[in-house]
Amino acid sequence: MSRLDTVGDTLVLAPGDRRWPAWLDLLQGLSGLLLVLFMWAHLFAVSSILLGKPAMYRVTRFFEGSLFFDTPQPWLVSLVALFIFVIFVLHTLLALRKLPSGYRQWRAWLVHMGGMRHEETSLWLVQVITGLVLMFFATAHLLELFLHPSNIGPHASAARIASGGWVLGLVLLLSVEVHAGIGLYRLIVKWGWFGLVDTAARRRRLRRFVYALVAFFLLLGVTTQMAYLRIGKESAVRDGLRYVPPGSAQIVPPLSDEAPLRISQTGEEVKR
Amino acid sequence: MSEDEILARDTAVHGAATSGEFTLEVLRCNPADPEDRPRWQSFTLELTEGMTLFIALTELRETQDPSLQFDFVCRAGICGSCAMLINGRPGLACRTLIADLPSPTRLAPLPGFALIGDLSVDTGRWMRGMSERLETWVHGLDTERDPARLEAPMEPEVAEAIYELERCIECGCCIAACGTAQMREDFVGAVGLNKLARFHLDPRDARDDGAYFDLVGDDDGVFGCMSLLGCDDVCPKDLPLGTQIAFLRRRMARQAL
Ligand code: HEM
Ligand code: SF4
Ligand code: SF4
Ligand code: FES
């Protein structure tokens, strides 16, 4: 009996459809790629603080819908966080299929890796470990953003990072950038993009390029964290005052649930 | 580096190690004897000019231990019998110069295949099983052949591309070098995927992508491969395994869409 007839005839995958493995592999790569691109864009957005508080403020407001709304709409941030979370969960579930399971597979893998002394084989373990770190820590981070979407801004973010958030920040930065770099490399050789898988020399060059990229993002991330730490030490931030762009008069919700703030025409922050 | 410099360096390296003593540690085990436990056994031998691992093992068997088991046929990297783990990495004993190895060097049988004894494994049974599963033969040829009829001609480029992939000697190095194959027994490995890529090229094979999908469109096939490319880096015939696997993956993914 031919099983051919179930291949390629519909787009809807029934539970027994033999196209599942292909789809899962495609989705794993696609979700990984989306996450990589998002994480890079995200780091660029966060690092806008290096250009000063006004720049970071504008970026924050942009993600709160400043193009379409007059007042900040933090639920937009929640929405994005939710979307990323769904992709993230999807990718995690798909990637977990590939993890060694049980003693026998782990031992086979580790013995194999130790003997091979092969860069790409070892990188895969790094990918598994950073992935597992992300599974726990990025979930915590995303949940926090989802629950407190308005807690983003030059002061609010700095306050979070200065009050111990930098530990989680550094763990996330290191694991996400390393994981994203190796993942991107893997995608390129896996699907043979740009012919880069064709020779060992090209693969080596691609690896060096990816390492440089990872180093760049790590440096950018660490510099950014240091900028937030510095701001977090300022007295206004310690007093729990929100950042207010110069020259604006508006009511801004405070960092905590204390009384709201009134902002004077000159941009000073006044507690009511 | 200029040719002369490379030559000078190579002579220096090889020259330095063509004399003196060399230690080989061999993982011994005789599965036919239920009492026997795997153990490392150390052998010391005198180096000679141009000595390969195969020559060294033969000398050990002739002069030190006649019970030492290992395979060889061609001694020239053609038959694929002599693959083993050399300091943890798969390679052909007949194509490995002792001078390129550190002393002591550890030899172990290829993992992932049935052990016959010491360094000898049954790659043949594995390869046959894989070939039957993947149906690695030309499909759709008339079984009734008319010897008087001319064969259909083939473009020289196509013939050459097929020949390039046909060079696989089924040594099993790519299976021993593959983390996926070591973890998951049913994975067809680079050798299997390369074979299907070869028949995919062949205009005489009547199978379409749907038929290939039936054979490798799952996690024991191309979608199980995690692209660690150990296979590509150890293949003694330098087959473009990474390229072929990526090609199959794209074709099979398109087939599923
Ligand atoms: C923001 C977070 C993440 C990003 C940017 C990311 C990115 C990527 C990319 C691009 C790939 C290559 C995809 C492929 O080979 O098809 C990949 C693979 C992988 N990811 Fe992630 N990932 C993230 C989170 C995670 C998490 C939470 C896990 C949890 C265990 C994980 C585990 C893995 C594993 C094990 C692989 C290798 C899969 C394979 O070899 O087939 N990743 N990741
Ligand atoms: S593909 Fe290369 S390593 Fe694998 S069996 Fe063939 S010749 Fe050996
Ligand atoms: S690319 Fe990696 S996982 Fe795929 S067959 Fe080669 S060694 Fe195995
Ligand atoms: S003896 Fe034939 S390949 Fe080594």
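Order of the sequence lines sets the chain letters (A, B, ...), proteins ahead of strands, with each chain counted from 1.
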Please determine whether the number of non-hydrogen atoms from other residues, nucleotides or ligands lying under 6.0 Å from atom [atom1] of [X] exceeds 12.
| X | atom1 | result |
| --- | --- | --- |
| A:Tyr211 | OH | yes |
| B:Glu185 | CD | no |
| A:Phe216 | CZ | yes |

Just how far is it from atom [atom1] of [X] to atom [atom2] of [Y], taken to the nearest 0.5 Å?
| X | Y | atom1 | atom2 | answer |
| --- | --- | --- | --- | --- |
| B:Gln182 | A:Thr121 | CD | OG1 | 10.5 Å |
| A:Leu123 | B:Leu229 | CG | CG | 11.5 Å |
| A:Trp20 | B:Asp219 | CH2 | CG | 12.5 Å |
| B:Asp218 | A:Arg18 | CG | CZ | 8.5 Å |

Exercise. Listed by chain and number, what are the side-chain contact (heavy atoms from CB on, under 4.5 Å) partners of A:Phe137, not counting sequence neighbours?
Worked result: A:Val133, A:Leu168, A:Val171, A:Leu172

Please tell me if the side chains of [X] and [Y] come closer than 4.5 Å, counting only heavy atoms from C-beta onward.
| X | Y | result |
| --- | --- | --- |
| A:Arg19 | B:Leu257 | no |
| A:Met116 | B:Leu228 | no |
| B:Met183 | A:His112 | no |

Exercise. Is a side-chain donor or acceptor of B:Arg249 paired with a backbone partner of A:Trp191 at a separation under 3.5 angstrom?
Worked result: no

Exercise. Donor-acceptor pair, B:Arg250 side chain versus A:Trp193 backbone, under 3.5 Å?
Worked result: no

Exercise. Which one, B:Gly230, B:Pro240, B:Gly112, leads in non-hydrogen pairs under 4.5 Å with chain A?
Worked result: B:Gly230

For this session: Name the member of B:Gly224, B:Ala177, B:Gly242 that forms the most heavy-atom pairs with chain A at distances under 4.5 Å.
Result: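 Winner by heavy-atom pair count: B:Ala177.
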
For this session: Could you tell me which non-hydrogen atom of B:Ser227 sits nearest to which non-hydrogen atom of A:Lys190, and how far apart they are?
Result: OG-CG, 3.1 Å

Problem set entry | Atom of B:Arg184, atom of A:Leu99 and distance for their closest heavy-atom approach |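 Taking B:Arg184 first and A:Leu99 second, the nearest heavy atoms are NH2-O, 3.9 Å.
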
Which region of [X], side chain (C-beta onward) or backbone (N, CA, C, O), has a non-hydrogen atom less than 4.5 Å from a non-hydrogen atom of chain A, or is it both or neither?
| X | result |
| --- | --- |
| B:Ala108 | neither |
| B:Asp238 | neither |
| B:Val234 | side chain |

Exercise. Using a heavy-atom distance cut-off of less than 4.5 Å, which residues of residues 101-111 of chain A contact chain B?
Worked result: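 Checking residues 101-111 of chain A against chain B gives A:Arg104, A:Gln105, A:Ala108, A:Trp109.
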
For this session: Check the pair B:Arg89 / A:His118 against side-chain contact (heavy atoms from CB on, under 4.5 Å), numbers first and verdict last.
Result: CA-CA 9 Å; B:Arg89 276 171 160 247; A:His118 178 249; 4.2 Å; yes

Exercise. Based on non-hydrogen pairs under 4.5 Å, which of A:Arg97, A:Met113, A:Arg117 is most in contact with chain B?
Worked result: A:Arg117

